[in-house]
Number of protein chains: 2
Amino acid sequence: MIGGVGVVTIVDVAKHAGVAPSTVSYVLTGKRPVSAETRLRVRESIRLLGYHPHAGARALASSRTNVLALVLPLREGVHLPVVMRFVTSVVTAAREHDMDVLLVTADQGAAGLRRVAVGARVDGFLVMDVGLDDERIPVLRELGRPAVLLGYPAAVKGLTCVDLDFGAAGARCVDHLAELGHRSIGFLGAPGVVYARNTGFAQRTLAGFSAAVMRRGIASTALPVEQRRDAVHAVVATLLRELPRMTALVVHNEAVLGWVVDCLRAAGRRVPDDVAVVAICPDELAEQLRLTSVELPSEVLGRRAVELLMAKLNGQQPPPLTLLPPNLSSRTGFAASAAG
Amino acid sequence: MIGGVGVVTIVDVAKHAGVAPSTVSYVLTGKRPVSAETRLRVRESIRLLGYHPHAGARALASSRTNVLALVLPLREGVHLPVVMRFVTSVVTAAREHDMDVLLVTADQGAAGLRRVAVGARVDGFLVMDVGLDDERIPVLRELGRPAVLLGYPAAVKGLTCVDLDFGAAGARCVDHLAELGHRSIGFLGAPGVVYARNTGFAQRTLAGFSAAVMRRGIASTALPVEQRRDAVHAVVATLLRELPRMTALVVHNEAVLGWVVDCLRAAGRRVPDDVAVVAICPDELAEQLRLTSVELPSEVLGRRAVELLMAKLNGQQPPPLTLLPPNLSSRTGFAASAAG
DNA sequence: CGCCAAAATCGAAGCGCTTCGAACATCGAT
DNA sequence: ATCGATGTTCGAAGCGCTTCGATTTTGGCG
């Protein structure tokens, strides 16, 4: 407490505890053994003086920043609440590994990645919403920094990717409905633009769905859905026309899910009595609408991604692709109330 | 290009350009004049060698990190898309000032602030969702780091706060409706818990609304709304009972806005013909539902907050409270106006 | 009682940058 | 030619931490 609020350095702590600065460092990092007695004394001095290591100095000396970059997508068609939930789970998980999170928005693009990496601002990258032919992947490869991708491109060799197994999710919905006896199942997906830009997860879900209905000889029609109420109305009408005996519907588009149900009811179909709806969406939303669903596990994904990244930072080599198995929750309870 | 991908330091650049390291530094920071000729040569060397200053070293030497902390709320009742939109505008604005953004979630609480500040990880704070008696404020005061708050407590002296003028927003809705001839106006607000925890903006909107209806001698009833469909249904029914001649409704709860409209229609009231609905919500949502609204200007707020923080970092002393005036957009569509 | 390996601690050399006083060059005015 | 004044550039001293070889301490054992 020499200069008032001024910075307490490791030297101050060392003096106060009667040891060398290096010993304090070893107490802090645990990189060399320190006798129990000394460790206790140093800890006490740290507490007493209110010492906090200077992040910049540490980064300079150890070339480790304890910060990871979270690269966010900001394109249209991504569901903001899902992103947000994901972000918070990443921050929480990162803190458990004593890491902070630096936000990089994807509109800064590849240049943003390069800036952050070369400036030694972060130890590694978490890249969200990776498309099938993502421009950021070559940059990431070139930078050679540890990175974990959410979503995955065609060739995952040399990468570390994690995602929900959307193909299995699509199939899981069909299996569930088939077991309930449905023989004619519709599919409503993401907006057309999402399919057009090769986003991977949308295609994979559809592919899983299609393969499953084909395998079981189930009649089906699949359509993309735009995020406008009138568009939803139109597409539901189309579906009911094209697939008149439809008794079940798989929806992979959380933004319009509520409207889809509304439109079905408006068209005189009871949900789930006449049309069983299975959604692929965050649990919370499905819970609210009382729909059977395959969960979009943002929290688990975020946490898993952080853990994979930490593994890489510690020199391990996790598998190039981790797919989380889909988890279907049946919610056949009573139908939703209210408007109709 | 001596050691492959290795780090290019300021010394390498200096050698390559035939100057002293300090000169390179001055070219970079502009803190001392450098002759045009030298400046050009140094810039060229920087480009050629692909030099990027080491953030940690810079922070250590200059005690400036060029990082600001964004402290996010993660409580229930906050509308995630709004937060997300806000986050992205902050990141974008920050980048324009050559700043990066470190995420701190509020659940790390006051301790999180302290850790980040004392470790010299950030230059300043952006604190979201500040309540009337926020526990983080004393910590912020104690830390003495530049900070900008979104939302504001009772006493703003010595702080820098920015927010939408919610009181004016509530009043603006009433004024608009009164001018259209409405004499009986309902108000649906945030969930009860939001009022209970003194969040400020909810109270202020209600206060502005109440004062305006009183001033004009307009009949009114105000109710909180929970985020469940059945709760919305119930509260709309209550409202229609308590205020049978209601011809207009102000809704300050983006999460249930759609349901409110649904419930009104289900109750046989045309919107906006029988009941004119004015929302206080993000423009995008109002646009989608074709409702007249006062915008929740996340983008503008985020940008403004960053600018205020930058001003503080540059030694200026912005006013303790900046209130953005509400902006009402009329969306009467093709339907004729109600009332009258 | 002395010797050696193991355990604990120390000391000094950086990490890459900024900063500040000093040195140097240039030039118009003496 | 000489002298400031002005405009540029240099050199060295840190910033606070980690790291690694060296040194001291400890304790088991001949």
Side-chain angles (χ1 to χ4, degrees), chain A residues 2-3 5-43 45-46 49-67 98 117-123, chain B residues 2-3 5-43 45-46 49-67 98 117-123:
Chain A
I2 299 163
V5 289
V7 272
V8 182
T9 76
I10 204 172
V11 177
D12 299 327
V13 175
K15 276 185 190 144
H16 186 272
V19 299
S22 47
T23 303
V24 177
S25 177
Y26 291 128
V27 168
L28 249 25
T29 63
K31 297 196 179 173
R32 276 199 191 175
V34 173
S35 73
E37 189 201 2
T38 308
R39 198 182 322 131
L40 242 56
R41 213 170 33 186
V42 169
R43 288 243 170 81
S45 299
I46 289 179
L49 301 183
Y51 167 74
H52 287 256
H54 186 289
R58 198 166 240 193
L60 179 55
S62 67
S63 46
R64 257 276 216 158
T65 63
N66 273 33
V67 175
D98 200 37
V118 181
R121 240 163 283 254
V122 301
D123 294 332
Chain B
I2 299 163
V5 289
V7 271
V8 182
T9 76
I10 203 172
V11 177
D12 299 327
V13 175
K15 276 184 189 144
H16 186 272
V19 299
S22 47
T23 303
V24 178
S25 178
Y26 290 128
V27 168
L28 249 25
T29 63
K31 296 195 179 174
R32 276 199 190 175
V34 172
S35 72
E37 190 202 2
T38 309
R39 198 184 321 132
L40 243 55
R41 211 167 31 172
V42 169
R43 288 245 171 80
S45 299
I46 289 179
L49 301 183
Y51 167 73
H52 286 255
H54 186 289
R58 199 167 239 192
L60 178 55
S62 69
S63 46
R64 256 276 217 162
T65 63
N66 274 32
V67 175
D98 200 36
V118 181
R121 240 164 284 253
V122 301
D123 294 332

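The chains referred to below are lettered A, B, ... by the order of the sequence lines, with proteins before strands, and numbering in each begins at 1.
We find that CG of B/L60 is positioned 11 Å from P of C/dT18, with the value rounded to whole Å. For A/L28 and D/dT19, the CG to C1' distance is 14 Å, given to the nearest whole Å. Separating the CZ atom of B/R64 from the P atom of D/dC15 is a distance of 20 Å, rounded to the nearest angstrom. Atom pair A/E37:CD and C/dA7:P shows a separation of 18 Å (rounding to whole Å applied). We find that CD1 of B/I46 is positioned 16 Å from P of C/dG16, with the value rounded to whole Å. Per the geometry, CG belonging to A/N66 stands 10 Å off P belonging to D/dT18, to the nearest Å. Straight-line distance from the NE2 atom of B/H54 to the C1' atom of C/dG16: 7 Å, rounded to whole Å.
Between the side chain of A/S45 and the backbone N or O of A/R41, at least one donor-acceptor pair lies under 3.5 Å. Side chain of B/D98 to backbone of B/N66: no donor-acceptor contact under 3.5 angstrom is found. Here the side chain of A/R39 pairs a donor or acceptor atom with the backbone of A/V34 at under 3.5 angstrom. Checked by atom type and distance alone, the side chain of B/R121 never pairs as donor or acceptor with a backbone atom of A/A55 at under 3.5 Å.
The residue A/T38 sits close only to the backbone: its heavy atoms come under 4.0 Å of sugar-phosphate atoms, none of a base. Among the atoms of the strands shown, only primed sugar atoms or phosphate atoms (P, OP1, OP2) are found under 4.0 Å from some heavy atom of A/G18.
Look at A/S22 and you won't find any side-chain N or O under 4.0 angstrom from OP1 or OP2 of C/dT9. A sub-4.0 Å separation between OP1 or OP2 of D/dT18 and a side-chain N or O of A/T29 is absent. Distances shorter than 4.0 Å separate some side-chain N or O of B/K31 from OP1 or OP2 on C/dT19. The side chain of B/S62 places no N or O atom within less than 4.0 Å of a non-bridging phosphate oxygen (OP1 or OP2) of C/dT18. Residue B/R58 places none of its side-chain N or O atoms closer than 4.0 Å to OP1 or OP2 of C/dG16.
Nearest nucleotide to the side chain of B/A61, out of D/dG14, D/dG16, D/dT19: D/dG14. The side chain of A/V19 lies closest to C/dC10, out of C/dC10, D/dC10, D/dT18.
Of the two residues near DNA chain C, A/S35 and A/A57, the one whose nearest nucleotide lies more 5' is A/S35. If B/A20 and A/I10 are placed on DNA chain D by their nearest nucleotide, the residue sitting closer to the 5' end is B/A20.
On a pure distance criterion of 3.5 Å, a polar donor-acceptor pair joins the side chain of B/R32 and the base of C/dG21. If you check distances only, the side chain of B/Y26 does reach the base of C/dC20 with a donor-acceptor pair under 3.5 Å.
For the side chain to side chain contact (heavy atoms under 4.5 Å, CB included) test with A/L28, the passing option among A/V13, A/I46, A/T23, A/V42 is A/I46; the others fail.
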